[in-house]
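Below is one structure; the comments refer to it alone.
Sequence lines set the chain letters: A, B, ... in the order given, protein chains first and strands last, and positions in each chain run from 1. All values below were derived from every heavy atom in this structure, side-chain atoms included, with hydrogens, water molecules and symmetry-related copies excluded.
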Amino acid sequence: MAKFQAPKGTRDYYPAEMAWRRYLEGAWQRVSIRNGFEEVEGPIFEPLDLYKVKSGEGIVSELFHFTDRGERELAIRPEFTPTLARMVAEKANALSKPIKWFSMPNLCRAERPQRGRLREFLQWNVDLLGTDSPVADAECIYTAVDLLRELGLTPRHVKVKISHRDVVRRILMRFGVAEDKIQDAFELLDRRDKIPAEEFNEQAGKLGLDQSTLERFNQVARMRVGSQAAWDDIAEQFAIPQEDLEDLAALHEQLKAFGIAEWCEYDMGIVRGLAYYTGSVFEVHEVSGAERAIAGGGRYDKLIEMFGGPSTPAVGFGMGDVVLTLVLADKGLLPDDVTPAADVFVLVADDSARCKMNGIVGALRAAGLHTRFSYKTTTNVGKLLKEAGQCRARFAVILDAKTDQQNTVSVKNLQTGEQSETGIGELVPVLKG
RNA sequence: GUGGCUGUAGCUCAGUUGGUUAGAGCAUCGCGUUGUGGUCGCGAGGGUCGGGGGUUCGAAUCCCCUCAGCCACCCCA
């Protein structure tokens with residue numbers, strides 16, 4: 001019989017991995033909720049057409065798709081945004097604005113796995129719909145930063161790189177790029193570090209840039225400006241007219257007011273591949289550029305209409321678990337064991353007390369304590385304490401020769417080593433206090 | 001989907017120019033019996049050497065195919 005293994009690019013979650021997943025999901029959830037977002041979820045598969053609306057026919061080869069018994073073309077979700085857009089469009093009139101939703105779906109993409117990318121992964125999605133205020137853009141970025149901070153990252157480890165499509169569009173047009181070439185220019189900008197300089201120049205030439213504007217374009221495209229300085233100083237560095245930067249200026253003001261300027265920098269090279277972004281765009285990167293993007297997002301004011309809903313401005317981002325975990329590991333910020341540690345370990349040091357064990361264990365559990373015991377028959381306390389240590393118990397409750405007759409046990413604090421005798425009746429208050 | 005590298009126990013790896021029943025450390029499990037915790041001693045289980053086919057008297061070792069992993073490209077929602 002052939003041995004089975006997990007499909008390419010998927011993961012099994014053994015207790016240690018599952019504990020890490022729950023830990024991460026716990027952080028996502030905690031941060032979302034304290035920032036005022038509500039959790040939503042949808043089906044793990046949708047009509048194939050749902051994904052074509054946003055991304056076109058080309059997306060199909062990247063999807064796991066199938067036909068059901070009713071001849072319906074379906075696809076396992078590769079992203080959550082179309083589901084979210086569908087959900088918002090369906091109840092748009094009934095939902096109070098702004099809509100602040102988050103979700104933590106597992107997603108599947110039929111791509112070759114490589115560093116930072118698997119075929120099935122988790123992604124934290126945060127979306128804020130129904131307002132076009134830059135406060136919303138800034139709040140999304142703030143929420144992302146809040147999560148990064150929650151996991152122990154600092155501005156020395158990661159940066160939010162921010163750009164704005166309208167700003168870049170104005171710059172490009174001022175440099176002589178025609179309206180219908182803007183999308184091509186975005187894509188070129190996105191690839192600027194992946195292609196040789198000559199090819200970049202050649203491609204840029206086709207967009208209508210001449211030698212001098214090309215140089216300035218290149219300069220702006222590669223410029224990174226920290227967001228801590230005063231806006232006038234930042235604007236000056238870009239060396240383009242102030243009025244072209246007004247959208248970024250508005251966002252800057254909000255980021256500064258949220259107190260996260262040191263986490264952010266402006267980078268006109270960030271455009272995101274997606275055509276549907278309409279305003280701000282941003283990505284979270286490890287500072288040295290060692291890994292791919294930790295998170296990415298931006299404003300997409302036209303998307304809800306594309307899914308048949310009313311005109312609804314929106315901004316949001318997605319953060320995958322794979323790159324995030326890699327970065328935390330790179331920085332030594334992965335906690336070594338996040339499986340639930342036991343509160344109490346009950347051990348039997350004398351066979352006469354064995355009849356009392358189940359009752360004590362049950363009473364402790366009924367009081368809400370995470371209680372474990374040994375399945376071994378030995379009364380070797382050394383071995384049993386070792387076992388207690390392995391499940392990281394805070395206390396050991398030792399049942400000895402006096403337990404059966406006098407209803408007393410010894411309680412050992414496994415952190416301090418202190419040990420004292422106590423009556424079974426006082427056990428719960430002693431352990432909880 | 002394309003290309004490169006890799007594949008021996010749960011993990012990290014040994015395994016001499018193809019030569020008898022494939023090893024170590026860690027981990028796991030057991031024992032070391034009136035005992036108090038990440039020691040120590042002894043012992044056990046666990047691999048058809050990723051899988052299949054071929055060359056050969058003989059393959060973990062050479063060849064082909066396949067699967068998986070890693071890395072890059074495509075793409076990155």
Can you list, pair by pair, the side-chain donor-acceptor contacts under 3.5 Å of residues 14-22 of chain A, counting residues two or more places apart and other chains?
from, atom 1, to, atom 2, distance (Å)
Glu17(A), OE1, Tyr14(A), N, 3.0
Trp20(A), NE1, Thr325(A), OG1, 3.2
Arg21(A), NE, Glu25(A), OE2, 3.2
Arg22(A), NH1, Glu25(A), OE1, 2.8

Exercise. Considering only the P atoms, how many Å lie between U12(B) and G7(B), rounded to the nearest integer?
Worked result: 13 Å
Exercise. Could Lys159(A) and Glu286(A) be called an ion pair, given the rule that one side-chain N must be under 4.0 Å from one carboxylate O?
Worked result: no
Using nucleotides 65-67 of chain B, report all nitrogen or oxygen pairs with the protein that are shorter than 3.5 Å.
from, atom 1, to, atom 2, distance (Å)
C67(B), O2', Gln5(A), OE1, 3.2

Exercise. Would a distance-only check, ignoring hydrogens and angles, find a side-chain to backbone donor-acceptor pair under 3.5 Å from Ser133(A) to Thr131(A)?
Worked result: no
Exercise. What's the CG-P distance between Leu118(A) and A68(B), to the nearest Å?
Worked result: 14 Å
For this session: May I have the distance from Phe186(A) (atom CZ) to C75(B) (atom P), rounded to whole angstrom?
Result: 18 Å
Exercise. When every nucleotide of nucleotides 28-40 of chain B is labelled 5' to 3' by its protein contacts under 4.0 Å (heavy atoms), B for base, S for sugar-phosphate only, - for none, what sequence of letters results?
Worked result: S-SBB--BBB---
Exercise. Do NZ/NE/NH1/NH2 and the carboxylate oxygens of Asp146(A) and Arg34(A) come within less than 4.0 Å?
Worked result: yes
For this session: Return the residues of residues 307-331 of chain A meeting this criterion: a heavy atom under 4.0 Å from some atom of RNA chain B. Order them by number, or give none.
Result: none
Exercise. How far apart are the closest heavy atoms of Leu172(A) and Ala185(A), and which atoms are they?
Worked result: CD1-CB, 3.8 Å
Exercise. Taking atom C1' in both U66(B) and C26(B), what distance in whole Å separates the two?
Worked result: 33 Å
Problem set entry | Pair partner, U17(B) [Watson-Crick or wobble, under 3.5 Å] | none
Exercise. What integer distance in Å separates Ile270(A):CD1 from C76(B):P?
Worked result: 15 Å
For this session: Could you give the distance separating C13(B) and G19(B) at their C1' atoms, to the nearest angstrom?
Result: 24 Å
Exercise. Which base sits across from C73(B) as a Watson-Crick or G-U pair, both distances under 3.5 Å?
Worked result: G1(B)
Problem set entry | Integer angstrom distance from the C1' of A44(B) to that of C49(B) | 22 Å
Exercise. Is any NZ, NE, NH1 or NH2 atom of the basic residue among Arg272(A) and Glu187(A) found under 4.0 Å from an Asp or Glu carboxylate oxygen of the other?
Worked result: no
Exercise. Would one find a side-chain N or O of Arg115(A) under 4.0 angstrom from OP1 or OP2 of C70(B)?
Worked result: no
Which pairs would a plain distance check flag for residues 418-429 of chain A, meaning a side-chain donor or acceptor within less than 3.5 Å of a matching protein atom at least two apart in sequence or in another chain?
from, atom 1, to, atom 2, distance (Å)
Glu418(A), OE2, Thr416(A), OG1, 3.4
Glu421(A), OE1, Lys402(A), NZ, 2.9
Glu421(A), OE2, Lys402(A), NZ, 3.1

For this session: Select base, sugar-phosphate, or nothing to describe what Arg272(A) touches, counting heavy atoms under 4.0 Å on all strands.
Result: sugar-phosphate
List the atom pairs, donor and acceptor, that lie under 3.5 Å between side-chain atoms in residues 342-349 of chain A and the rest of the protein, sequence neighbours left out.
from, atom 1, to, atom 2, distance (Å)
Asp343(A), OD1, Arg394(A), NH2, 3.4
Asp343(A), OD2, His370(A), N, 2.7

Problem set entry | Contacts of Thr81(A) that satisfy side-chain hydrogen bond (donor to acceptor under 3.5 Å, both in side chains) - sequence neighbours left out | none
Can you name the atoms? Protein N/O to nucleotides 1-3 of chain B N/O, anything below 3.5 Å, with the distance.
from, atom 1, to, atom 2, distance (Å)
U2(B), O4, Arg112(A), NH1, 2.7
G3(B), O6, Arg112(A), NH1, 3.1

Exercise. Which glycosidic conformation, syn or anti, is assigned to G35(B) if syn requires a torsion within 90° of zero?
Worked result: syn
Exercise. Taking only residues two or more places apart in sequence, or in another chain, which ones meet Phe186(A) in a ring pair (Phe, Tyr, Trp, His ring centres under 6.0 Å)?
Worked result: none
Exercise. Does the distance from a Lys or Arg side-chain N to an Asp or Glu carboxylate O, for Lys52(A) and Asp49(A), drop under 4.0 Å?
Worked result: yes
Seminar exercise, completed: Taken in chain and number order and not counting sequence neighbours, the residues that satisfy ring pair (Phe, Tyr, Trp, His ring centres under 6.0 Å) with His252(A) are Trp231(A), Tyr266(A)
Exercise. Using atom P of each nucleotide, how far apart are A22(B) and C63(B) to the nearest Å?
Worked result: 23 Å
Problem set entry | Any side-chain heavy-atom pair of Trp124(A) and Asp321(A) under 4.5 Å | no
Problem set entry | Nucleic acid footprint by protein, nucleotides 6-11 of chain B - heavy-atom cut-off 4.0 Å, B for base, S for sugar-phosphate alone | ------
Exercise. With distance as the sole test, does Arg169(A) use its side chain to make a donor-acceptor pair with the main-chain N or O of Glu179(A) at under 3.5 Å?
Worked result: no
For this session: Sticking with atom P, work out how far A68(B) lies from U56(B), rounded to a whole angstrom.
Result: 32 Å
For this session: Determine, step by step, whether Asn201(A) and Gln203(A) satisfy the side chain to side chain donor-acceptor pair (under 3.5 Å) criterion, reporting the C-alpha distance in whole Å, the side-chain angles of both residues, the deciding distance to 0.1 Å, and the verdict.
Result: CA-CA 5 Å; Asn201(A) 292 344; Gln203(A) 297 284 329; over 6 Å; no
Exercise. Salt-bridged, Arg109(A) to Glu120(A), with N to O below 4.0 Å?
Worked result: no
Exercise. So what does Gly116(A) hit on the nucleic acid, given a heavy-atom distance under 4.0 Å: a base, only sugar-phosphate, or nothing?
Worked result: nothing
Exercise. Applying a 3.5 Å limit to both distances, which nucleotide forms a Watson-Crick or G-U wobble pair with C26(B)?
Worked result: G10(B)
Exercise. Does Arg117(A) get its side chain close enough to the base of C76(B), under 3.5 Å, for a donor-acceptor pair?
Worked result: yes
Seminar exercise, completed: Of all heavy-atom pairs linking Gly298(A) and Tyr277(A), the shortest is N-CE2, 3.4 Å
Problem set entry | Pairwise P distance for G47(B) and A9(B), with rounding to whole Å | 10 Å
Problem set entry | Base-pairing mate for U36(B) - Watson-Crick or G-U, with both contacts under 3.5 Å | none
Residues 382-393 of chain A, side-chain donor-acceptor partners within the protein, below 3.5 Å, at least two apart:
from, atom 1, to, atom 2, distance (Å)
Glu387(A), OE1, Ser374(A), OG, 2.9
Glu387(A), OE1, Lys376(A), NZ, 3.2
Arg392(A), NH1, Asp337(A), OD2, 2.9
Arg392(A), NH1, Thr339(A), OG1, 3.1
Arg392(A), NH2, Thr339(A), O, 2.6

For this session: With P as the reference atom in both, quote the distance from G45(B) to G37(B) in angstrom, rounded to an integer.
Result: 31 Å
